[in-house]
Amino acid sequence: MIGRTLILKTSAWKPVERLVRRSFLFRPLVKRFIAGDTLEQSLPACEDLVRRGFFISLDFLGENTATEAEAIQAKDEFIRMLNALAESSASKQPRPVPFPPGKPAPGNGNVESCNISIKLTQCGMDQGVEFARKNYYDVLRVAQGHKTFVRADMEASSYTERTVELVTEATKEFDNTGFVFQSYLRRTDDDLERAIELKARVRIVKGAYLEPAEVAYQDKKKVDEQYVKQAKRMLKASFYPAIATHDEKIINELNAFVAAENVDRASFEYQMLFGIRRDLQEKLLAEGYNVRVYVPFGNSWYPYFTRRLAERPANFFFILKSMFRG
């Protein structure tokens, strides 16, 4: 984890950020992995992916709004995203999935082809939980009208408890929102069990923030073990889980588990990032798995970009290789 820590610490230095933002060497990488600066620029990528059989989750990059006005602007952009997706050719090409009775998915029991991901700090968490809740619920109501889903991304551990509480309360009123849990956090086993009881949708990720040892596991092997254990638990017990990883070794292990345990491939989805391992995305789709591509857009790409590198320091070389692999 030394390389990960080094990337996160050095990327926080303003001179490094200026260098990355201005360097022409990074521009092809940013263009490949960010769908555009604006919503309008990102929609063709979404439409192309859905046309080819993928699902998408559209993400407006940004976090930690500094004022209530900024948070309201972010909320308005989320609503604009929902309206634009509903009008696009990508919006409604659902495939049926076996959701549990009494808890239908948006779209009358069909998994939605398009959804959005948001961060609660974009909704104004730093300005107050109740303020963030109002903005979050405003987005959920619009999404409910479009019969689509809003994923509340998990952020740094200082926000974990507030995020879990807000999403838990939201699931009691809305059936179109769910959690993201990070396997490196020591609390995630307990959070996952509570989400399973709620029959709430969960995305599992490894985690990409720099966290202290008392909060998060520091050893990569341990994090991978936690991830696989939690993913298998979700595949057997969760409500349409989302398995977010590009780790082909882990994917192969989970696919073997799915086959051995007779888990319906339609009952979960893999999630991958726009522009990364497109070959693996195509392979999984061809094998009959649901694959959702996380499509980010916006000018606030730097924190997102550096966390992707920090998740696995070899990603820098991995990204460069992927440009040639397709």
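Quick caveat: nothing in here was measured; it's all calculated off a predicted structure.
- The six-membered or imidazole ring of Y209 lies away from that of Y184, with a centre-to-centre distance of 6.0 Å or more.
- A search for salt bridge (charged side-chain N to carboxylate O under 4.0 Å, His left out) contacts involving E214 returns nothing, not counting sequence neighbours.
- Inter-residue side-chain proximity for T168 and F179 is flagged as met; some heavy-atom pair is nearer than 4.5 Å.
- For the pair R201 and F239, the cation does not sit on the ring face, since its NZ or CZ is not both under 6.0 Å from the ring centre and inside 45° of the axis.
- Y270 pairs by the side-chain hydrogen bond (donor to acceptor under 3.5 Å, both in side chains) definition with N255, not counting sequence neighbours.
- M272 has its side chain within reach of L280: a pair of non-hydrogen atoms, C-beta onward, lies under 4.5 Å apart.
- Q271 CD to H246 NE2: the interatomic distance, rounded to the nearest 0.5 Å, is 10.0 Å.
- For E193, the side-chain hydrogen bond (donor to acceptor under 3.5 Å, both in side chains) test picks out R233, with sequence neighbours left out.
- Annotation: side chain to side chain contact (heavy atoms under 4.5 Å, CB included) contacts of R194 (sequence neighbours excluded): R187, D190, D191.
- Side-chain atoms of E155 do not come within 3.5 Å of backbone N or O of N64 as any donor-acceptor pair.
- By the ring pair (Phe, Tyr, Trp, His ring centres under 6.0 Å) test, F78 is found to be paired with no residue, residues two or more places apart in sequence or in another chain being considered.
- Taking the salt bridge (charged side-chain N to carboxylate O under 4.0 Å, His left out) definition, one finds that E130 meets it with R133, sequence neighbours left out.
- N115 contributes atom CG, which lies 9.0 Å from atom CG of L85 (distance to the nearest 0.5 angstrom).
- Within the 6.0 Å centre-distance limit, the rings of F297 and F60 are counted as a close aromatic pair.
- By the salt bridge (charged side-chain N to carboxylate O under 4.0 Å, His left out) test, K222 pairs with no residue at all, sequence neighbours left out.
- When every heavy atom of D189 is checked against every heavy atom of K229, the shortest pair comes out as OD2-NZ, 2.8 Å.
- Using a 4.5 Å cut-off on side-chain heavy atoms (C-beta onward), Q182 and K206 make no contact.
- The pair E269-R292 meets the salt-bridge criterion, since a charged nitrogen lies less than 4.0 angstrom from a carboxylate oxygen.
- At least one side-chain heavy atom of N252 sits less than 4.5 Å from a side-chain heavy atom of E248.
- Note on residues 72-88: pairs passing salt bridge (charged side-chain N to carboxylate O under 4.0 Å, His left out), not counting sequence neighbours, are E40-R80, K75-D138, E77-R80.
- With sequence neighbours left out, E225 forms a side-chain hydrogen bond (donor to acceptor under 3.5 Å, both in side chains) with no residue at all.
- Looking at K283 and D279, no side-chain N of the basic residue comes within less than 4.0 Å of a carboxylate O on the acidic one, giving no salt bridge.
- Nearest heavy-atom pair, N290 versus F268, reported as atom, atom and distance to 0.1 Å: ND2-O, 3.3 Å.
- A salt bridge is defined here as a Lys NZ or Arg NE, NH1 or NH2 lying under 4.0 Å from an Asp or Glu carboxylate O, and K147 with E112 fails to meet this definition.
- Partner Y227 forms a side chain to side chain contact (heavy atoms under 4.5 Å, CB included) with one of T188, I243, D247 and no other, that one being I243.
- Here N135 pairs with nothing under the side-chain hydrogen bond (donor to acceptor under 3.5 Å, both in side chains) rule; sequence neighbours left out.
- Heavy-atom minimum distance, S183 versus Q230: OG-OE1, 2.6 Å.
- Checked against salt bridge (charged side-chain N to carboxylate O under 4.0 Å, His left out), R203 has the following partners two or more places apart in sequence or in another chain: D153.
- Counting all heavy atoms, side chain and backbone alike, E211 lies closest to S157 at OE1-OG, 2.6 Å.
- Within the structure, salt bridge (charged side-chain N to carboxylate O under 4.0 Å, His left out) pairs that include any residue of residues 65-74 do not occur (at least two apart or interchain).
- Residues V228 and F257 fail the side-chain proximity criterion, which asks for heavy atoms closer than 4.5 Å.
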